[in-house]
Amino acid sequence: MNVHPTISEIRTVRWRQPDQQWGLVPTMGYLHEGHLSLVRRARAENDQVGVSIFVNPTQFNNAADLETYPRNMEQDLAMLRAEGVDLVWTPTPDIVYPPAYQTYVDVEQVTKPLEGAARGSHFRGVATVVSKLFNVFQPQRAYFGQKDAQQVIVIKQMVQDLNFNLELVVCPTVREPDGLAMSSRNVHLSPVARRQAACLYQALQEAKTAYEQGQHNGEQLRAIMRSVITTQSLARVDYVSIAHLSTLTEMAVVAPPALFSLAVFVDEVRLIDNLILE
Ligand code: AMP
């Protein structure tokens, strides 16, 4: 496995065999089974697999959150080696954003609600770093998790608008046995908070069940999600949403394709999750 911090080293390995098909998995590290599901899919569908590990400062709207984001490079590299990954990019922030840096990618509409409303310029940072990753690796395919549903929508729009010549592959959310979506941030949960964190998935499931039983009123369904969260003493709703899957406009009357999503602070750890109604 080739592991390199610089762009020129990545390009050298990438173009050694120019006719090979490359799959890219962008990550912020502290890898878990969710990340590995993307790596395995990329491994199965490409000749070569590239992974990036970069905690991207421009997508954090809070310095403390960036500072405390979990990191374990040695363990990450061991996991990627075991999956047969070919190339790993481990840049430092000044390689991605050198001192004179001044170019950002702004996807205008689908970045506005939900995570965009809650986290300021988060998606400007995401779109910028992902477009740089696409330029550095020039992969045939790029792998993203449904866990970050709005991120998928934003990247899809960016790929279409900026004519990136690659296929986006969206992989299902990998969950713990109690339904909690795997996330690097889960490590910050205390044992009590960890138990209560299962309420995100429960809230989504209860709203979806109510929909399937005939409740199509958006406000009523959002109220069901909120009520499940409020049963947990450490949980506080940031937002609950039932929106159109492609425009992310909130629905008064719910109909497929819809994205049920929510962000919840559990004892100060901010978690997100979602379900799609096809
Ligand atoms: P991150 O390291 O959090 O930026 O995530 C890197 C990629 O892994 C993103 O495309 C995420 O959507 C994806 N991912 C994170 N958690 C999961 C999960 N539980 N299941 C599937 N994909 C995930």
Side-chain angles (χ1 to χ4, degrees), residues 23-45 49-62 65-66 68-73 75-77 79-80 83 85 88-91 93 96 114-115 119 122-134 137 139 141-159 164 166-189 194 197-198 200-201 204 259 261-264 266 269-276:
L24 171 66
V25 183
T27 83
M28 298 206 299
Y30 211 76
L31 303 178
H32 50 66
E33 282 294 318
H35 297 111
L36 295 185
S37 72
L38 274 56
V39 170
R40 287 174 194 142
R41 179 92 180 259
R43 182 69 284 167
E45 295 179 352
V49 176
V51 175
S52 59
I53 300 178
F54 179 57
V55 181
N56 176 33
T58 62
Q59 73 187 69
F60 285 78
N61 57 330
N62 173 325
D65 189 23
L66 172 61
T68 59
Y69 196 83
R71 292 163 169 91
N72 189 338
M73 185 62 79
Q75 180 181 295
D76 289 348
L77 294 177
M79 290 165 91
L80 296 178
E83 297 298 334
V85 167
V88 185
W89 191 26
T90 56
V96 180
L114 309 177
E115 290 300 287
R119 300 184 65 192
H122 171 67
F123 286 118
R124 181 178 185 254
V126 169
T128 300
V129 80
V130 170
S131 60
K132 287 173 71 86
L133 289 167
F134 288 173
F137 279 89
R141 293 176 198 84
Y143 295 80
F144 291 88
Q146 186 55 49
K147 153 93 185 350
D148 297 281
Q150 190 177 10
Q151 173 169 280
V152 167
I153 293 167
V154 170
I155 302 297
K156 259 189 196 154
Q157 188 69 44
M158 182 187 85
V159 164
F164 281 106
L166 54 81
E167 180 193 344
L168 284 189
V169 182
V170 182
C171 303
T173 303
V174 177
R175 299 178 179 284
E176 301 285 358
D178 66 354
L180 175 65
M182 289 193 181
S183 164
S184 307
R185 293 177 191 279
N186 293 352
V187 70
H188 291 314
L189 295 165
R194 168 64 193 81
L200 278 83
Y201 190 56
L204 292 165
L259 178 70
S261 69
L262 75 176
V264 174
V266 183
V269 182
R270 187 172 182 279
L271 303 174
I272 59 171
D273 201 353
N274 68 84
L275 276 184
I276 288 175

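Counting starts at 1 for both ligands and their atoms, following the listed order. All values reported here derive from a predicted model rather than from experimental measurement.
In this structure a side-chain-to-backbone donor-acceptor pair under 3.5 Å is present from N186 to A181. Distance alone, capped at 3.5 Å, places no donor-acceptor pair between the N61 side chain and the H122 backbone.
Of the options Q151, Q146, K147, the smallest heavy-atom separation from atom 9 (C) of ligand 1 is shown by Q151. The closest non-hydrogen atom to atom 20 (N) of ligand 1, taken over V25, V152, I272, V174, comes from V174.
The shortest contact between atom 6 (C) of ligand 1 and any protein heavy atom is with P26 O, 3.3 Å. Of the protein's non-hydrogen atoms, the one nearest atom 15 (C) of ligand 1 is H32 CE1, 3.9 Å. The protein heavy-atom contact nearest to atom 1 (P) of ligand 1 is H35 NE2, 3.6 Å. Shortest contact from atom 21 (C) of ligand 1 to any protein heavy atom: P172 O, 3.4 Å. At the top of the distance list for atom 4 (O) of ligand 1, counting protein heavy atoms only, stands M28 CG, 3.5 Å. Of the protein's non-hydrogen atoms, the one nearest atom 11 (C) of ligand 1 is D148 OD2, 3.1 Å.
Rounding to the nearest 0.5 Å gives a distance of 6.5 Å between CG of D273 and OG1 of T173. With rounding to the nearest 0.5 angstrom, the OH atom of Y201 is 10.5 Å from the CG atom of N274. In this structure, OG on S183 lies 8.0 Å from CG on D148, to the nearest 0.5 angstrom.
Y143 pairs in a side-chain hydrogen bond (donor to acceptor under 3.5 Å, both in side chains) with only one of the listed residues (H35, E45, R41), which is E45.
Taking all atoms of both residues into account, the shortest heavy-atom contact from G29 to S184 is O-OG, 3.3 Å. Here the closest non-hydrogen pair linking A149 and L259 is CB-CD1, 3.7 Å.
At least one N or O atom of M182 sits closer than 3.5 Å to an N or O atom of ligand 1. The shortest N or O to N or O distance between G145 and ligand 1 is under 3.5 Å.
Atoms of ligand 1 found under 4.0 Å from any heavy atom of T173, numbered from 1 in the order shown, are 20 (N), 21 (C). Ligand-side atoms of ligand 1 in range of F144: 10 (O), range being under 4.0 angstrom from any heavy atom. Residue T27 has at least one heavy-atom neighbour below 4.0 Å for each of these atoms of ligand 1: 2 (O), 6 (C). Taking every heavy atom of L38 and a limit of under 4.0 angstrom, the matching atoms of ligand 1 come to 7 (C), 8 (O), 10 (O), 13 (C), 22 (N).
Contact check for V96 versus W89: side-chain heavy atoms found under the 4.5 Å cut-off.
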